[in-house]
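Working notes for the structure below.
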Amino acid sequence: MAEAPMLQVENLNVLYGDFQILWDVSMTVGAKEVVAVLGPNGSGKSTVLKAIMGLTPVRSGKIIFEGEDLTKVPTHEMVARGISMVLERRRLFGAMTVRENILLGAYHRSVNKDIASRLEWVESLFPILAERRDQIAGRMSGGEQQMVAIARSLMSRPRLLLMDEPYLGLAPKIVSQIAGIIQRINQEGISVVFNEQNVHLSFGVSHRGYLLESGRMMLTGTGEEMIHSDVIRRVYLGV
Amino acid sequence: MPNVPSKTLLRVDDITMAFGGIVAVANLSLTVETGEILALVGPNGAGKTTTFHVIAGVHKPTAGRIIFDDQDITFYRPDGRCRAGVARTFQITQPFQELTVEENVMVGSLAYHRSIADARKDARRYVGMVGLSDRANVLAKGLSTGQRKRLEMARAMATRPKLLLLDEVTGGVDQKSIPGLIELVKQLRREGLTLVIIEHNMRVINELADRAIFMNRGKKMAEGTPEDVMQRPEVVELYLGEEVLHG
Amino acid sequence: MTISLFIEQIINGLIIGSMYALVGSGIALIYGTMRVLNLAHGEFYMLGGYLVFLLVVTCGVPAYLAIPIALLAAFLLGALIQRITIHYLLQREGWAFSTIAVTLGLSIFLQNSALLLFGENVQSVPYYVTGIVEFAGIRIPMQRLLILGVAILTIAVMTYVLKATRLGWAIRATSQDRDAAAVVGIPASRIYLITFGIAAALGAIAAAMMAPIYAITPWSGLPILFKGFVVVILGGLGSFPGAIVGGLLLGVVEAVGVQLTSTEWRDVIAFALMIAVIWVRPWGLFGSKS
Amino acid sequence: MFQPLRPWQWLLVAITLAALAVLPLLSSNSYVLHVLILSMIFGIFASAWNLVTGFAGLKTFGHHAFFGIGAYSSALVALHSGLSPWLTIWIAALIATVAGLFIGLPILRIRSMPHVAIVTLGFAEIVRITISNLQSITRGELGLWGIPPFESFTLPVLGEMKFSPADKAGYYYLILVLLVFSTGLITLLMRSKSGLALVAMRDAEDAAESLGVNLTRHKLLVFGVSAFLVGLAGAFFGHYIGILTPSAAVGPDLMILVIAMALVGGLGTLSGPLAGALVLTCVVELLRDLNDLRLLIYGAIIVIVVMFLPKGLATLGPIVRRRFTYLRAPTTSPAKHL
Amino acid sequence: MRSRIFAYALGAALGVTLATTAPAAEIAIGVIGPLSGPAAQSGISMRQAYEAAAAQVNKDGGIKVDGEQKTIKLIFEDSASRPEVGVSAAQKLLSRDKVDILVGDSIASSVTLAIMEVVPSFGKFAMSGQPVSIEIAKKIQSDPKRFANFWKSSFNSDAYAQAVFASTKELIDAGSFKPKSKKIAFVVEDTDYGKSNAEYTIPLFEKDGWKVSSKEVVALGHADFYPQLSKMRADEPDMIVSIFTSVNSGIALVKQIQEQGLKSLHMAVYYPIRPEFLAGAGSAANGLLWTPFFFDPVNSAQHKAFAAEFKNLAKVVGNGDHAQGYCEMMLLLNNLKAAGTVEPAKLSEAFAKSDTKCAIGRYVYDTELHTPRIGADYIPVPVAQIQNGTSFAIWPSTVATAKFKPAQ
């Protein structure tokens, strides 16, 4: 590789109390790349994303983004560094309106300017949200909520977007819609890391993937390389 | 279990579990035969944990019945189910932090024994069985995750259950400890126990389970031996996708 | 009993209830954002009262200047207390009990600090405005109308802040989902600090307005704290609008209760109502179950 | 706690008891006895509160209601029925138990700690105001006086047990017996299967229930026992002080005092609340001349203990013990037990 | 470590007890009163007054007791108006400080009743200060032997009731107050003082055909009377009786009565005695009747003289509490002089025979109740009316300095 990748995760170990979730996990994400984190449930996919974002304390290891060590940076400073995240199961501010939720995405001082143009950009990606702006977010359907969550995370114009289980609990039609959105976001020059259990779904939009099993990195490669690997069958199906 | 005549120990009869408007489990039926190990498998949000909780008595099902050992236990609270013979462990272990390992197990033993001295003697046996004898007098908060898993099994075993529900035996445990835990579960089965397990590690399931039920979106999708279930096209597709199947 | 006197009682109940609402909404804000039950909340009220007394009576500062100064001081005190105690406890296991215990200790400490500083004399502040409004047999002094006016203004300002300002959004977002708030760049610990300060200031507003008609003593925080608790239980613990409605309701129930029985049973009525509500609807009369 | 006592522990208990028993023979100074009697009353109260809060994990703030109910019941029954206080204190304790079960029931339904705290506080306020308002029976804030004292009697070795303010030996021994009774009852309960179940319930409620622990029954049991003991302490208090007022016997100050004692001594330990009661009662009496500063220091103690000694004085115990263990038996590594 | 802390605490508690006993040339008088808590203001006034009286006697060379000239030493302990605190204080004074005489409580009746449980068994003489509760006298009466050496220095609470009732009756008889429906309302404080005074006043009026339209008990220091007053506007009572120890409540009540436009005759008990009352209530207080008007340094020459003397002794401006406290301590010291000993029985004898004049009246005892007599010839309990911002005695006629003026 000619230059250092955008995001480097090195030997991450994460524990909840005594319960070790991640064991020496390393990965990289390049500029304008879409990377999928794969693995059966309980393999620690979400924890990888949460650890990058600082939502889960890291016992050891390093997280380097654009040359800066972010391991100790608190979560609420991450948007200022250019990283944003869509949490698992949307996690909207359910009692607030769609517009309020989206605008909160530009809360941080470092991104709290040109709000109108940011909003315009985000609403151009999700026209339906402009129509629903005054609706209470908690009362929307799952797919719409996911769009609000993504819209919220884009308001800070991140260079890297982390998406925790973006397809979880959504109807198949909505899943393909969200996949389309991930591609759109990538076309805007934003790197995306997302996790998903289903291998096929993951490689629908990603350039590269990482496979986790029980908190350990088992495999990495392009979709083509990984799909034909025996490792993946063994991890998922036990054969 | 060749020399035990097959008998249905647990019958879950058409249960539905709804939380508010969200249906987590829909019209699920399953049976567990005496002496077998049944695994519940499936992706995130499939309803495995909810099913598990309904059997353990944490949730009362919105509809349906649960027959255990010929009793209707649908409306028993967890302590009542314990007395009926259902024991469980927890995904995120729940040790009694300020009690020693031995005392933790005694809480289980007291479901069976009246006197504290008997319970202590009994507990010591189970502590030994799960291989924690050298830590018997350590406070539970001082245990590693693998040890806590063992502790929970000892505690559950001490209630003399007929059915043991194991939630993620190997979750969060370091690689070295997994074979030991698998061996322990096998040993429990040898003692004549019936088990229902939730487990994410497929290799563990293949090694342990006689039968697996694959769930997705609150419904049963496939049932059979683990190898069989995991070969089913609909399961493979769910995990790996269509192309893999044909390509 | 004539209709007009009954209406007058209801209005009186609403006026006192509006003050309960301010105290209760402070408790609700603190609980809503950081899940801490603040037993020292009555002391914010008490200290607010003394601040106003010191400024208005001792230093002769006009009330319209004194009250904002008192608010600011209460805000800073609240924030300071949060920073040196609650802030650390929230990072510990078992914080739910230790925060209750520490606020209990703080309450006694502040009460007795006030006793040392101000003595046990019962103090009060002269009316800010005089005169009486009379219509259809209903007599209400201007001072009480002023209280109602200030309460309405405060509630309006708070509603505006919560609904339409950056800070308010941050408070609401943090109380709904701390992680999601952190992800969009809201620093929870600073929001906690500010919320505590705002809650203290709300208590101080109530104290400033009540100072002319209620006594200020080192112990005047305790009864108002109990009232605040009843209010938040009625409205649903942690809900700001719930606390407003709960406060007004409590004021009216008390007024009617005094009318029907006698003053000595007023607090029993309030507490019995609270226990009944907990029994039937633990999430409050106006809160939602989840 | 569930291990059998070691010989040195038995010895310590025996020495403490012997020292307490001999004390009145050494010093007939009634003021010292008075302070110790108060310590023991609060010791019973604090350890009974600790039973509910520290051991069973139900954080209640309204136990002063049971103290007041016990105090007033015993005083009123003795006054009006002519029954001996030797009997009425037990009747009162039973009345307090009934009240405890009454308020214990709604608490079972609530898992939220703040709700429990508020409900119990509110219940105690209702009790206080009611006692204060039922003037024709309780004489309200004026105080219920004329409460019969315990009848004196003669013991073979110790001589006549008098129950008078100047000769407090009788009161002293009686409360000592009650303290031993209460501590014994709590110890027995905690060392029984129920005790194990209670601690289990506190540490992990779901797990305890899954192991066959009936939560409802155990919560009611501790609430009942605790209310019984607090009621008993209250009943003794009434006959000892000779006058009851609602603010003194049911006031929130009383609860604050007891919470401080339990916190200082260490929640969830058997000896902590007793130690806390002794230390704080003595401190209060020593600080008598400081008047207003007294409660200020109390508040500060609570804050400091919660912030820096989350387990009370008991926090200091292991530190000392570890050092000794280390000095005496360097072969066993103390780190192993962490 | 833990046991070391115990050892220290216990040791300290024990150690102090061995330290102090009064030197032979002093008579130690222990005084218990509220120096903290809600009644501290009055308690501190009492302390100043007691000290002034003791200083006066010591200046004159003390008292000859058992043939030896001794000075008076006062040891004060706080009761915080709480019985159990008072009991501890009494324990300490009697067994640690070994006082010769106990005075207490200086203010609270409930504390006095509690102290009475302690003192007799120590065999010391004791006297209560301002507490007026008739319960104290009843208690003495209930066991004359046990309380032979316990004396009240204040009259009984029914004295206020008598004054309120008798003065009202006199106003009616004179035709200057014409009740329409004979309805009377009470607003009283939730203290022993407020409740017991109401308890004694109500039957007197009821026996005379009055009806109590409402009795509202409010918390100490309560200051929002709107719900109560609205209720009274509906009932239209002819007369309102208010009883508070908290001046703040009193000020608030008279102001709010004016705001609400209530026309009932208003009789206040106790609180107008505090000098802050008139300053706080201003013109709203005009026309108010109140009792007990013991101390009138404006219109009474005798009281004017006392005020000057007291100012000199205590360096504070004297008020009604001071006058009472000074007289009580003087009464005790005079009787001590007369008895010539601290022996309780002798002192009690002196009390039974006492006939001392002081600023607030003449102390002569009801020897059965151990209580000073009241009335025009003994201690008058005058009723005053506030006219143009000044209190004038209007009842009984022997001390009256003005006539009742009906409200305009």
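Order of the sequence lines fixes the chain letters, A, B, ..., with proteins taken first and strands second; residue numbering starts at 1 for each chain.
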Once rounded to the nearest 0.5 Å, what's the spacing between atom [atom1] of [X] and atom [atom2] of [Y]?
X         : Y         : atom1 : atom2 : value
Lys231(E) : Leu5(C)   : NZ    : CG    : 12.5 Å
Ser230(E) : Ile7(C)   : OG    : CD1   : 12.0 Å
Ser220(C) : His222(E) : OG    : NE2   : 13.0 Å
Ile140(C) : Glu259(E) : CD1   : CD    : 11.5 Å

*Among the options Arg139(C), Gln123(C), Glu264(C), pick out the one with the most heavy-atom pairs lying under 4.5 Å from chain E.*
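Winner by heavy-atom pair count: Arg139(C).
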
Tell me, out of Arg144(C), Glu254(C), Glu8(C), who's got the most heavy-atom pairs with chain E below 4.5 Å.
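The answer is Arg144(C).
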
Filtered by a 4.5 Å non-hydrogen cutoff, the part of residues 11-27 of chain C contacting chain E is Asn12(C), Ile16(C)

How about NZ on Lys311(E), more than 12 heavy atoms from neighbouring residues, nucleotides or ligands closer than 6.0 Å, or not?
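Check fails, neighbour count at 12 or below.
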
Next on the checklist: side chain to side chain contact (heavy atoms under 4.5 Å, CB included), that's the test. Do Val258(C) and Glu216(E) meet it? Break it down for me.
Outcome noted: CA-CA 9 Å; Val258(C) 167; Glu216(E) 304 293 337; 4.2 Å; yes

What one should report as the nearest heavy-atom pair of Tyr214(C) and Ala223(E) is CA-CB, 3.7 Å

key: Closest heavy-atom pair and its distance - Pro227(E), Gln9(C)   =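 Taking Pro227(E) first and Gln9(C) second, the nearest heavy atoms are O-NE2, 3.1 Å.
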
In short, ring-ring contact (aromatic ring centres under 6.0 Å, His included) pairs touching residues 254-279 of chain E with sequence neighbours left out are Tyr193(E)-Tyr270(E), Phe244(E)-Tyr271(E), Tyr271(E)-Phe277(E)

Heavy-atom distances under 4.5 Å only: say whether [X] touches chain C with side chain, backbone, both or neither.
X         : result
Glu236(E) : neither
Glu276(E) : neither
Asp190(E) : neither

Less than 4.5 Å to any heavy atom of chain E: does that hold for the side chain of [X], its backbone, both, or neither?
X         : result
Gln143(C) : neither
Thr261(C) : backbone
Trp265(C) : neither

Indicate yes or no: at least one non-hydrogen side-chain atom of Tyr226(E) is less than 4.5 angstrom from one of Pro141(C).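 Touching, per the 4.5 Å side-chain cut-off.
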
Ranked by heavy-atom pairs below 4.5 Å to chain C, first place among Ser214(E), Ser246(E), Gly261(E) goes to Gly261(E)

